[in-house]
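Comments concern the structure below.
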Amino acid sequence: MGATEIFLLSMMIASCLLPSVSAATRHYKFEIKMQNVTRLCHTKSIVTVNGQFPGPRIVAREGDRLEIEVVNHVHNNISIHWHGIRQVRSGWADGPAYVTQCPIQNGQKYLYNFTIIGQRGTFWWHAHISWLRSTLYGPIIILPNKNTPYPFAKPYKEIPIIFGEWFNADTEAIISQALQTGGGPNVSDAYTINGLPGPLYNCSAKDTFKLKVKPGKTYLLRLINAALNDELFFSIANHTLQIIDADGVYVKPFETNTIIITPGQTHNVLLKTKSHFPNATFYMTARPYVTGPGTFDNSTVAGILEYESKTKLHLKNLPLFKPLLPSLNDTNFVTNFTNRLRSLASPQYPANVPQNVDRRLFFTVGLGTSPCDKNKTCQGPNGTKFSASINNVSFVLPTTALLQSHFFGQSKGVYKPDFPYSPLNWFNYTGNPPNNTLVANDTKLMVLPFNTSVELVMQDTSILGLESHPLHLHGFNFFVVGQGFGNFDPKKDPSNFNLVDPIERNTVGVPSGGWVAIRFLADNPGVWFMHCHLEVHTSWGLKMAWLVQDGKLPNQKLPPPPMDLPKC
């Protein structure tokens, strides 16, 4: 049997494993090109997919195979991550540069080829190299199998709403300068809804997202926070939102006037419109939740909710209501909101929380410093450079891909398989910070045997100030079994863990001055990135990687890389 026949046979076997007989292969082509875009009366050339900002929408069904050809026509190296898609045994398609692949260089292309297994909901794609995701992002909508209804009444219409950030300056220049000087990067000039800053910014009224609705209807809003560096509060004036999904996992529905959404997270919410024309229009606004000591974009993005009317009315003459958002540092609201999130945990959508734990891990996360380079002046604390770390290891990306190095047994000199299980130096994490704020710079991986059940506690630290950190895990969903403030107490706190219906997701905020505990099953072989989704902290090294070893059975092993895998 030749290579072609073996390939076709493997595809036939794989198709038998798909959850739906109606599964299809869906093809997309992403042409990475420069495009002039104007916002806030400022025109600049940005990196886009197919000239669109935000980028194109990907739509598929659970069980479908996606083939997305990415062709790079720009001088920047490119890689694309399919955020929240588990990539079961398809880690070569996950996307983070120098982790699962070398980036796609100018004039090159790569076919991202993967199957949606056991997932449905709202996800998103974005560049996963440097700060290019400031303009390279778009929604992924995974519909349920054709014969499977939503576990709620079918909405009249579905609308993606993507929050982003607009920078008048070149974001690549911003992060490059920050890394050279060791200081904090310049903040954005505006937040955006579907790429539009809205009327609360100067020279921006014409660039306003308008959601036009009919009275007495239910709309499904697919919310995505694609902002580079900010958690956001969001609300629609005089309307209630029903939360039905978090990171592509159904939750026990509850109603709220405001949501909090960290970078990387998605929420599906139902908006029930008023039964009659309200003779008014309504702002839908978002602004940041701020916990850290650094600078931030203290502004508000607004879109407008407009009701369609049978009579011709001048909407400009109608009253315009504004929502009341929480204060910038309202940690009580954030805590209460996140505590209300519970998995649906129904027979059809169970919460398969690992009840027994094979490996317990404790990670400190936070900021730190690195020494200034010789003969240079740095703008970080006391003349140092800002850094960030997990267990005091500031992760250094290699110059070749980790997954490739592992698969071909060429890890020597690329990475070390000894990421620490807990901090090397224990201290009062949320109390007075230690005198030594220096971090170690290294490329270390945490090695897990296949099917290891993991309990991971992530603890915020006060080293350069307490701060919330949204952590995203590639390759897996996890269950958020507990969270609290102060230092985690391994003797007392586990007794309060929720092992029945905890929220299942892929991105979670480590509370400012607190901790969060997650559990997951390492049943997906490969190398998987975990990092802060505040892009500035990722740039400073708040990231690490897991190496999940192959299992014994053929369907527990990572297949070889595709022929067109990019080269470094």
Side-chain angles (χ1 to χ4, degrees), residues 17 19 62 84 86-89 117-121 151 245-254 265 335 338-363 365 390-391 419-422 446-459 471-485 487-511 514-526 528 530 544 546-553 555-557:
L17 301 175
E62 180 182 348
R86 281 205 54 201
Q87 300 291 359
V88 178
R89 296 179 62 236
I117 298 175
Q119 292 184 280
R120 81 293 306 161
D245 163 303
D247 288 359
V249 179
Y250 295 130
V251 302
K252 290 182 172 69
F254 66 91
Q265 289 183 342
T335 305
T338 52
N339 285 340
R340 294 178 74 185
L341 292 167
R342 292 281 189 271
S343 287
L344 195 55
S346 66
Q348 190 173 4
Y349 302 103
N352 296 317
V353 190
Q355 298 297 310
N356 301 305
V357 174
D358 299 319
R359 191 164 294 183
R360 284 186 165 84
L361 306 170
F362 183 78
F363 288 1
V365 297
I390 299 177
N391 278 352
F419 192 89
Y421 285 32
S422 60
M446 172 70 72
V447 180
L448 298 173
F450 183 83
N451 249 12
T452 300
S453 58
V454 177
E455 179 180 287
L456 168 62
V457 175
M458 292 181 282
Q459 171 76 58
L471 267 292
H472 171 52
L473 176 61
H474 292 228
F476 304 93
N477 279 353
F478 51 75
F479 293 94
V480 184
V481 296
Q483 64 178 31
F485 291 99
N487 297 335
F488 174 73
D489 186 332
K491 293 180 179 177
K492 294 181 181 178
D493 288 325
S495 63
N496 295 318
F497 283 178
N498 175 9
L499 303 180
V500 178
D501 64 348
I503 186 67
E504 178 185 353
R505 59 189 328 161
N506 61 64
T507 305
V508 67
V510 179
W515 55 269
V516 66
I518 66 173
R519 287 188 180 184
F520 67 95
L521 189 65
D523 58 355
N524 195 8
W528 303 105
M530 187 176 81
M544 56 84 68
W546 309 81
L547 196 169
V548 179
Q549 297 172 321
D550 282 347
K552 294 179 180 178
L553 302 177
N555 66 351
Q556 297 173 342
K557 298 181 188 297

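Each residue takes its place number in the sequence, starting with 1.
- Considering only heavy atoms from C-beta on, R342 stays 4.5 Å or farther from F254 through its side chain.
- The CG atom of D550 sits 5.0 Å away from atom NZ of K557, with the distance rounded to the nearest 0.5 Å.
- For D501, the side chain to side chain donor-acceptor pair (under 3.5 Å) partners at least two apart in sequence or on another chain are K252, N498.
- Of the inter-residue distances, the one linking L471 atom CG with M458 atom CE reads 4.5 Å to the nearest 0.5 angstrom.
- Sorted by first and then second residue, the salt bridge (Lys or Arg N to Asp or Glu O under 4.0 Å) pairs involving residues 347-363 (not counting sequence neighbours) are R360-E455.
- At a threshold of 4.5 Å between non-hydrogen side-chain atoms, the residues F476 and V548 count as touching.
- In this structure, the side chain of E504 does not engage the main chain of A351 through any donor-acceptor pair within 3.5 Å.
- Listed for the Q119 side chain is a donor-acceptor partner under 3.5 Å among the backbone atoms of G84.
- With rounding to the nearest 0.5 angstrom, the CG atom of L547 is 8.5 Å from the CG atom of L448.
- Shown here for T507 and D247, the closest heavy-atom pair between the two residues is N-OD2, 3.2 Å.
- Contact check for V457 versus F363: no side-chain heavy atoms found under the 4.5 Å cut-off.
- From W528, atom CH2 reaches atom CZ of R86 across 8.0 Å, with rounding to the nearest 0.5 Å.
- Annotation: side chain of V510 is not in contact with side chain of W515 (no heavy-atom distance under 4.5 Å).
- Atoms CD1 and CZ, on I518 and F478 in that order, are 5.0 Å from each other to the nearest 0.5 Å.
- Side chains of P511 and V516 form a contact here, defined as non-hydrogen atoms less than 4.5 Å apart.
- In this structure, the side chain of S422 does not engage the main chain of F362 through any donor-acceptor pair within 3.5 Å.
- Minimum interatomic distance between V251 and A246 (heavy atoms only, all atoms of both residues): CG1-N, 3.9 Å.
- In this structure, F520 and W546 have perpendicular ring planes: the angle between them is above 60°, well past the 30° mark.
- Two residues are said to be in side-chain contact when any heavy atoms from C-beta on lie closer than 4.5 Å; V249 and D245 fail this criterion.
- F450 CZ to N524 CG: the interatomic distance, rounded to the nearest 0.5 Å, is 8.0 Å.
- You'll find the side chain of H474 stays beyond 4.5 Å of the side chain of M530, heavy atoms only.
- Scanning both residues, G482 and F497, for their nearest heavy atoms gives CA-CD2, 4.1 Å.
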Take N506 and L473 through the test side-chain contact (heavy atoms from CB on, under 4.5 Å) and record every step on the way to the result.
CA-CA 6 Å; N506 61 64; L473 176 61; 5.8 Å; no
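- Heavy atoms only, all atoms of each residue included: P525 and Q549 are closest at CB-O, 3.9 Å.
- Residues N391 and P420 come closest through the heavy atom pair ND2-O, 3.0 Å.
- Smallest separation of non-hydrogen atoms from P350 and P347: CD-O, 3.7 Å.
- Using a 4.5 Å cut-off on side-chain heavy atoms (C-beta onward), N451 and L521 make contact.
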